[in-house]
Amino acid sequence: MCLGIVGKVIKVTAADDTAIIDVHGARREISIALLGQVKVGDYVLVHAGFAIEKIDLKEAEQMVKMWEEQLNDVTPGQVL
Amino acid sequence: MCLGIVGKVIKVTAADDTAIIDVHGARREISIALLGQVKVGDYVLVHAGFAIEKIDLKEAEQMVKMWEEQLNDVTPGQVL
Amino acid sequence: MSPLDRFCDTELSRKLMGRVAALADEVAERLGRPAVFIEVCGTHTVAISRLGLRSLLAGRVELRSGPGCPVCVTDHQEIDMMVNLARLPGVTVGTFGDMLRVPGSRSSLERERAGGADVRIFYSPLDAVAFAEANPEREVVFLGIGFETTAPVVASTLMRARLQGVKNFSIFSAHKLIPPAIRAVLSDPELKLDGLILPGHVSAITGRRAFDFIVKEYGLPSVISGFEPMDILIALHELLLQLHRGEARVANKYTRVVREEGNLDARKRIAECFEEVDVPWRGLGVIPESGLSLRETFRDFDARFKLNIEPAPPTPLYPPGCACKEILRGKLLPTECRLFSNVCTPVHPVGPCMVSSEGACAAYYRFERFSPVGGGI
Amino acid sequence: MSPLDRFCDTELSRKLMGRVAALADEVAERLGRPAVFIEVCGTHTVAISRLGLRSLLAGRVELRSGPGCPVCVTDHQEIDMMVNLARLPGVTVGTFGDMLRVPGSRSSLERERAGGADVRIFYSPLDAVAFAEANPEREVVFLGIGFETTAPVVASTLMRARLQGVKNFSIFSAHKLIPPAIRAVLSDPELKLDGLILPGHVSAITGRRAFDFIVKEYGLPSVISGFEPMDILIALHELLLQLHRGEARVANKYTRVVREEGNLDARKRIAECFEEVDVPWRGLGVIPESGLSLRETFRDFDARFKLNIEPAPPTPLYPPGCACKEILRGKLLPTECRLFSNVCTPVHPVGPCMVSSEGACAAYYRFERFSPVGGGI
Amino acid sequence: MKENGRDIVLLAHGDGGALTHELINNLFLRHFESNILKTLTDAAVFSVNEGRMAITTDSFVVDPPFFPGGDVGKLAVCGTVNDLAVSGARPVYLTASFILEEGLPLADLESIVQSMAGACGVAGVEIVTGDTKVVEKGHLDKIFINTTGVGYIFPGVDLGYHRIKPGDKVLVNGSLGQHGIAVLCKRYGFDFAGQVMSDCAPLNGITSLLLKEIRGIKIMRDLTRGGLATTAKEIASACGLDIWLDENCIPVDAGVKGAAEMLGLDPLYLANEGKFMVIVSPEEAEKAVAVMQGHELGRDASIIGEVKPGKGNVYLSTSLGGTKLLDLMAGSPLPRIC
Amino acid sequence: MKENGRDIVLLAHGDGGALTHELINNLFLRHFESNILKTLTDAAVFSVNEGRMAITTDSFVVDPPFFPGGDVGKLAVCGTVNDLAVSGARPVYLTASFILEEGLPLADLESIVQSMAGACGVAGVEIVTGDTKVVEKGHLDKIFINTTGVGYIFPGVDLGYHRIKPGDKVLVNGSLGQHGIAVLCKRYGFDFAGQVMSDCAPLNGITSLLLKEIRGIKIMRDLTRGGLATTAKEIASACGLDIWLDENCIPVDAGVKGAAEMLGLDPLYLANEGKFMVIVSPEEAEKAVAVMQGHELGRDASIIGEVKPGKGNVYLSTSLGGTKLLDLMAGSPLPRIC
Ligand code: SF4
Ligand code: SF4
Ligand SMILES: [Mg+2]
Ligand SMILES: [Mg+2]
Ligand SMILES: [Mg+2]
Ligand SMILES: [Mg+2]
Ligand SMILES: [Mg+2]
Ligand SMILES: [Mg+2]
Ligand SMILES: [Mg+2]
Ligand SMILES: [Mg+2]
Ligand SMILES: [Mg+2]
Ligand SMILES: [Mg+2]
C-alpha cells in the first residue's frame with residue numbers, strides 16, 4: 001500500500017532537513033525530517049518525498065548471503 | 001471618443017431597467033437606467049451597454065429635410 | 001427610409017461635400033491659408049479618416065485631432081496603477097477593449113494578461129458585475145475610463161452593484177472631463193485655431209451649454225456634431241459659415257441627440273458618485289478639476305482604497321522623439337512626427353497616439369499614410 | 001553488486017521459487033488443500049501479480065488481498081467530502097495521483113477537475129506547500145490519505161508549513177491505521193486463513209512489535225515482508241515453514257528496514273499531530289480507533305474546520321452486485337465477482353477494488369484475467 | 001455517479017489506451033465514413049497518379065465552439081477545403097486531429113464530429129486519419145481541431161501572384177463579415193434572432209465551377225482572419241501593384257453593419273469562412289460574376305475593385321468620393337467604447 | 001517596457017495581420033528552409049508520381065514543452081516522421097500548425113522552431129506549409145503543435161496485420177520508457193543529471209534500412225503513448241493472435257527503472273519517441289536484429305517475444321518464470337504513493 005523506494009544519499013543540507021538522493025541516476029530533493037542523522041552514502045527508504053527509514057545494508061547483506069548459501073546447496077529435494 | 005450606436009427599442013423590462021434593442025437585426029439587452037420613460041419603438045443612443053439618450057426623430061427629420069431642400073436647389077454656384 | 005438613415009445617404013453627402021468644398025475655398029482664400037479646425041473627439045477623428053475627408057479638403061481645411069481619445073490621454077501613472085492592480089493575486093481586471101494595449105511606463109494590460117494576469121474585456125460594465133457575481137472568490141475591478149459619456153454608465157453600474165449587494169466588485173476610476181481639457185488646449189498662446197468640432201456624445205450628457213465658455217472666453221466658432229457623414233459635413237459647413245460671417249457661437253448640429261442641458265439624470269448620477277479632482281493627462285500635464293474620483297460614500301467600491309493601490313511614481317510624459325504632446329494639442333500633424341510610420345506603427349507603437357485605433361497617429365497610419373499613385377476607381 | 005540488488009536477482013529468485021513451490025506442495029498435501037494467505041498490503045498485491053506468482057503457486061497456495069490499499073478503503077462519505085472541498089471557490093485540492101479516480105457516491109476528484117475544480121497531483125505534500133506559497137490567493141488543501149507510512153510524512157509537512165507561517169495551506173485528514181483493520185478482518189468468524197504477509201513499509205514506522213497481537217489474539221503465522229522478488233519469496237517460505245512446523249509468530253523478514261520499535265521520530269510526529277478516531281472503511285464498516293484526525297492544536301491547518309466542511313451523508317457501501325466487501329476481507333477472489341471484467345473494468349470501475357491499480361480487482365484484471373493459451377516463450 | 005468516461009471527456013480518453021479506443025470506435029468511426037480511416041494504422045495509405053497536389057493545414061480554436069450557423073467542426077472541414085479550393089485544387093483527403101479539454105461533454109464532441117461528417121459529405125472529401133489528445137482542464141479552452149487536407153490541382157490551372165496585371169478586376173462572392181460577427185456576438189452576448197449567421201461553407205463547388213468556365217482567373221483567396229482588407233493588402237504587397245476597392249460596391253449585410261458598429265469594428269477586417277476574393281482579367285470579369293451568381297454560394301457576387309499600377313497599397317474609395325488606405329489588421333478585433 | 005510583440009507572443013501574433021506576418025517572416029521562414037513554404041500561399045503545391053502515399057497527423061501537447069533530450073518541436077517532427085516510417089513510407093513533406101498561448105516567450109518559440117528545423121534536417125523532410133494561432137492566456141498551456149506528414153510508400157513494401165503469423169518474432173530497437181520518464185521527471189521535480197533523456201529521434205533512417213535488407217517484415221509500430229504493452233495489445237487484438245513477451249529480454253535502462261519505481265509506474269506503459277516494434281518472420285529475426293544493431297538507433301535492438309496462436313492477448317513471462325497479462329493502458333501515468 002505504500003510505495004517505498006531505495007535511494008542513495010548524495011547530498012545533505014542539514015539546515016532545512018533535506019537531502020538529494022540518487023535512484024539509478026534519477027535524482028530528487030527529499031526531506032529527511034523523519035530521520036535522525038543522515039550522511040552522504042547512506043541508503044534510505046523514500047515515501048512521498050520523505051526518507052522514512054535508513055536501510056541497514058549489513059542486515060541486507062546477511063540475509064541474502066544466508067539464502068545464497070542455502071540455495072547454492074545442491075542437496076536434492078531440499079525444501080526448507 | 002465615445003462610440004454611440006442607434007438602436008430601436010423592441011422590448012422594455014421596467015422592473016430591472018433593461019430593454020432589448022435592435023440594430024439592423026442585431027439584438028442585445030441594455031440598461032435604460034440613465035433615461036426616464038422609454039417605450040417600445042423609441043430609438044435610443046447606446047454607449048457601453050447603456051442607453052444614454054433618446055433620439056428625437058422629429059429633429060432628425062427636420063434637419064435632413066432642410067438640407068435635402070437646400071441641396072436639391074439647383075441655383076448654380078450656391079455655396080451657403 | 002428612416003430619417004436616421006438619411007444622415008448616411010451617399011448622394012446627399014456628395015452634394016453637401018460639394019458645398020462644403022466650395023465654401024472652404026472661399027474661406028481659405030479670404031484667410032490666405034486653409035482654415036484650421038480641431039476635432040476634439042477621437043471618434044470624429046476616425047469618422048473623418050474613414051470618409052477620406054482629409055484627402056477631399058486638402059489645401060482648403062486642415063483638420064487636427066484633439067485630446068478626445070480617453071485611451072490616448074490616460075497617463076502613464078494611471079496605466080502603471082492598473083498594471084499593479086492586475087498583478088494582485090485574486091484580482092480580475094475588467095475593461096473595455098480599448099485599454100488593453102496602452103503602454104504604461106513598463107507594461108500594458110495586454111502584456112500583464114500574457115504574463116498570467118486575469119484581464120477580461122467586457123462590452124458593458126454590467127457584464128463585469130455579472131462576472132463578479134458568478135465568481136465570488138475573485139475581486140473584479142472594472143477600469144472606469146472615458147469622459148462624460150462613460151462616467152454615468154459606470155456610476156449606474158456601481159449603484160446597481162451596491163443595490164444587489166455585490167461585495168467583490170469595485171471600480172478604478174480614471175474618468176476625465178472634456179471642458180477642462182479644451183480649456184487647457186485653448187489657453188496655449190502658440191495655438192492657431194479657427195474653430196472646434198465638439199464631441200457629440202459628451203454633449204449628449206453635458207448639454208450644449210457646457211461649451212458656451214469657448215465663445216465667451218476664446219471667441220472661437222464651434223459646433224456640436226454627430227458622427228454620420230452628413231453630420232460631419234453639416235458641422236464643417238457650420239464652422240465655415242461662422243468663419244465666413246465672422247461669427248462665433250456654440251452651434252448644436254446634433255439636435256436629435258443633444259439638448260441644451262444634456263441628460264440631467266445622467267449628470268445627477270455622476271455627481272452622486274464622483275467628485276472632481278486634478279489629474280494628469282498625457283500630453284497636457286495636470287489639469288485642474290479635470291478628473292473624476294469616487295466619492296467617500298463609495299469607498300467600499302473604490303479599488304484604490306479597497307485594494308490599497310498606492311499612486312505609481314510619475315514618469316516622463318513621452319518616449320524620446322514622440323510628438324504626441326504637440327499632436328494632442330493640435331499643433332502638429334502625425335505625419336510631422338519623425339518616428340511616424342518608420343519606428344512607430346500600430347503594431348509597435350511608441351507614443352499613446354499610435355495605440356488606440358482612435359488615436360490621431362493610428363488613424364493617420366491606417367487611413368492616410370500614402371497618397372495614392374493613381375486615381376479612384 | 002550492492003546487496004540490495006541481490007533481492008531482485010533472477011537466478012536466485014528462481015531457485016528460491018523452487019524451494020517455495022516444493023514446500024508449498026508439502027504443506028498443501030498435509031492440509032489437504034492449498035494454504036490460504038492474505039497479503040494485507042496492496043503493494044504486495046501488485047508485486048505478486050507482476051511476478052506472476054499466483055500462476056506459479058496455483059493449487060498450492062492461495063494468495064488473497066487484504067484491506068491494505070488506502071484508496072480502496074477510503075469510504076464514499078470521505079470521497080464526497082473531498083469532492084465538496086474541491087467545489088469550493090478559491091480552493092485547490094492537492095493529492096497523490098492515487099485518489100483522483102476513486103468514485104464517491106456521485107462524483108470523483110477526476111470528474112470534479114474535468115468540471116473545473118482545481119485538483120492537482122503532487123509527488124510530495126511538501127510540493128503542495130510550495131505551491132501554496134507561490135499562490136497566496138488560493139487555499140490549498142492537501143488530502144491526507146494513507147496509513148502509518150504516510151501519516152508522518154503529512155505530519156512533518158504540516159509542522160513545516162506552520163514553521164514557515166504558510167496561512168493558506170491545510171490538510172483534510174483521512175489517514176487510517178492498519179492494526180485495527182487487521183483485527184476487524186481477523187475477527188470475522190467465517191474467515192479461513194493460514195497466515196498473513198504484513199506490510200513492510202507500515203511496519204517500518206510502527207515496528208514489528210505492533211503486530212504481536214496477531215499471534216497473541218489469533219494464533220496465526222505472520223511475516224513482515226519487503227517488496228522485491230526475493231523478499232516476497234522469503235516471506236512465503238517463512239509462512240509455509242511456520243505452518244509446516246505448527247508455529248505462529250510475527251517474523252520480520254524485512255530486517256534491513258523494519259526495527260522492533262519502528263521509527264520513533266515518525267511515531268512521535270504522528271502522535272503530536274493526530275489523534276485516533278473511529279472511522280468507516282469501505283468494505284469493513286466503522287472500525288474503532290482506526291483513523292487519524294488532526295488534533296485541536298492544528299485546527300488552523302485542519303480543512304474540516306478551516307473551510308467548515310460538513311460530514312457528507314452516509315451512503316450504501318457498495319454498488320449492487322459488487323463483491324468488494326468479501327474481497328477486501330479476503331473471502332472471495334476478484335474473479336469470483338460476477339461483474340468482474342464484463343461490467344466492471346479499470347476503465348469503467350464499479351467498485352473501489354477496481355479503481356486503484358493496486359486494488360485487488362484491478363491487479364487481477366491487469367495481470368491475471370486470462371490464462372494463456374500456449375506456454376511461455 | 002455517471003459512469004466514468006461515458007458523459008464527459010477524461011484525460012484517459014487521450015492516453016492511447018482503452019478509453020482512447022472506445023472514443024475512436026464509438027464516436028469517430030461511427031460518423032466518419034472511410035475505408036482508409038477504418039484501418040486505424042499509424043498512417044493512411046492511398047494511391048496517387050502523376051500530377052500536382054496541394055496540401056494545407058489549419059488549426060481551429062474558435063471561442064465559442066458553437067456559434068450561429070456552425071461550429072468548430074464544420075469550420076475545421078470548410079476552412080481546409082477552402083484553402084485547397086482557392087489554390088485551384090480538388091480537395092480529396094483530410095486528416096483530423098483533436099485536442100480536447102478534460103471535461104468537455106461527449107455530447108458536444110459528438111455534435112462537432114457530426115458537423116464535420118456533414119461538411120465532408122457536402123464537400124465530397126474523406127477524413128482518412130486522425131489523432132486525439134486530451135489535456136488537463138484549464139490547459140486549453142474546450143476543443144481545438146487541426147485539419148490538414150490534400151487535393152489534386154486541376155490540370156492546366158495556373159494561379160498565382162505572377163499572373164496579376166493592372167486592369168484586372170477584383171470580385172467577391174458575397175456579403176462580408178458574417179462569420180466574424182456571428183462569433184463575436186455570441187461571445188459578447190448579442191443575439192441575432194437567426195438573422196446573421198456564420199457564412200461557413202465549403203467553396204470547392206463554386207471554385208471548381210469558376211475554374212472550368214473562366215480561363216482568366218489569376219488568383220483566388222479565401223477571406224478568413226483579417227478579412228477582405230488584410231487579404232487585399234497581402235496580395236497587393238506580394239505583386240507590387242495597388243488594389244483599389246470601392247466602398248459602395250462591397251456587399252455588407254445590414255445586420256453585420258449594425259453589430260460591427262455596436263462593437264466598434266470594421267466589417268472589412270472581419271473574418272469570413274465562406275467568402276473568397278477572385279482576381280480575374282477585365283474581359284472575363286462580368287462572365288465570372290455571372291458564373292458565381294449561378295451558384296448558391298455566389299448569389300451576391302460582385303466586382304468590388306480593380307488592380308492598378310502602384311507600390312503594393314490598397315485604397316478604398318469612400319462613399320463620399322474620398323480615399324483611404326487599407327492595411328493589414330493590427331490586433332484582433334475587441335469591443336471598444338471609443 | 002519591452003517593445004510590443006518583440007519578446008513575447010501576443011494575441012495579435014495570431015490575428016492574421018501585421019504581427020502574424022512579422023512572425024512568419026522573421027521566425028518561421030528564417031529557420032524552415034523550403035522553396036514551397038516561401039510562397040506563403042493558402043496551400044503548398046508539389047508534384048507527385050504514380051504510386052502509393054501515406055499521410056499521418058499528430059498534435060503534440062507535451063507538458064513541459066522542454067525536457068531532457070528534446071522539446072515539443074523536435075517531438076512534433078519525429079513523431080510524424082516515425083508514423084510514416086513505420087508505415088513503410090519515405091517521409092517527404094510536413095505541415096506545421098502552431099497554437100500558441102499569449103505570453104509565450106518568443107525566445108522559447110524560436111528554440112522550438114530551431115529544433116524542428118534540426119529534426120527536419122536529420123530526417124530529410126521539408127515543412128511546406130503551416131499555420132499559427134494564438135489563444136488567450138490560460139486557454140492552452142504554452143504551445144501545441146500539429147504536424148501532418150506525407151511520404152511515398154517504398155515500392156513493393158506490404159506491411160499489415162494480415163501478414164502476422166504464429167512463430168513470428170517481436171523485436172524492439174532499444175531500451176524502453178526513456179521519453180515518458182524524461183517528461184514525467186521534469187514535471188515532478190526529478191533530475192537525471194543528464195543520464196536519462198528522451199529517446200526522441202527520427203526513425204526513417206533505420207526503418208528504410210530494415211525494409212531494404214529484410215523482406216520478412218510483417219509490421220512495424222512506433223511505441224508512443226501507452227508504450228510497448230499498449231501497442232502489443234493493439235496488434236494482438238487486431239490480428240487475433242497472442243503475443244508473448246519475455247521480461248528478461250526487454251531492454252529497460254536502470255535509470256528509467258529507478259525513476260519509474262519512484263513514481264509507481266511501469267516502464268512497459270511509458271511512452272517512447274524513438275523506439276519501434278517490428279514483427280518479422282522467424283527465419284529473418286536474427287538478421288533483422290543485426291541490421292538494426294548496425295544503425296545508431298538500434299544498438300540495443302533485441303528479440304523480446306514471439307507471436308503464438310491465441311485470442312488476441314499479450315502475456316509477459318516474468319523474471320520468476322510466471323506469466324501475467326498485459327493490457328491497454330487505462331489512465332495516464334500519475335505519480336502514486338501506493
Ligand atoms: S507617431 Fe508615434 S512617436 Fe510620433 S507622435 Fe505619434 S505616437 Fe508619438
Ligand atoms: S470486480 Fe468490480 S464490482 Fe466486482 S468486486 Fe471488484 S470492484 Fe467490485
Ligand atoms: Mg504511431
Ligand atoms: Mg491553411
Ligand atoms: Mg485557412
Ligand atoms: Mg496520434
Ligand atoms: Mg476553459
Ligand atoms: Mg486561406
Ligand atoms: Mg499519427
Ligand atoms: Mg504518432
Ligand atoms: Mg492558416
Ligand atoms: Mg498555462
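Computation of the quantities below employed the complete heavy-atom set of this structure, encompassing side-chain atoms and omitting hydrogens, waters and symmetry-equivalent molecules. Remember, predicted model here, so these are calculated numbers, not experimental data.
Separating the CG atom in F:L328 from the OG1 atom in D:T345 is a distance of 10.5 Å, to the nearest 0.5 Å. Rounding to the nearest 0.5 Å places CG of D:L56 at 6.0 Å from OG1 of F:T318. Taken from OH in D:Y365 to CG in F:D327, the straight-line distance is 5.0 Å, to the nearest 0.5 Å.
Under a 3.5 Å cut-off, the side chain of D:R14 and the backbone N or O of F:S319 do form a donor-acceptor pair.
Contact of the D:R50 side chain with the F:D266 side chain is registered, since non-hydrogen atoms from C-beta on lie closer than 4.5 Å. Here the side chains of F:Y188 and D:I121 are in contact, with some heavy-atom distance below 4.5 Å. Side-chain contact between D:T10 and F:L320: absent, with no pair of heavy atoms (C-beta onward) separated by less than 4.5 Å.
Residue contact with chain F, scored on non-hydrogen atoms closer than 4.5 Å, involves the side chain of D:L100 exclusively. Neither the backbone nor the side chain of D:L57 comes within contact range of chain F, judged by heavy atoms closer than 4.5 Å.
Of all heavy-atom pairs spanning F:G322 and D:S55, the tightest one is CA-OG, 3.8 Å.
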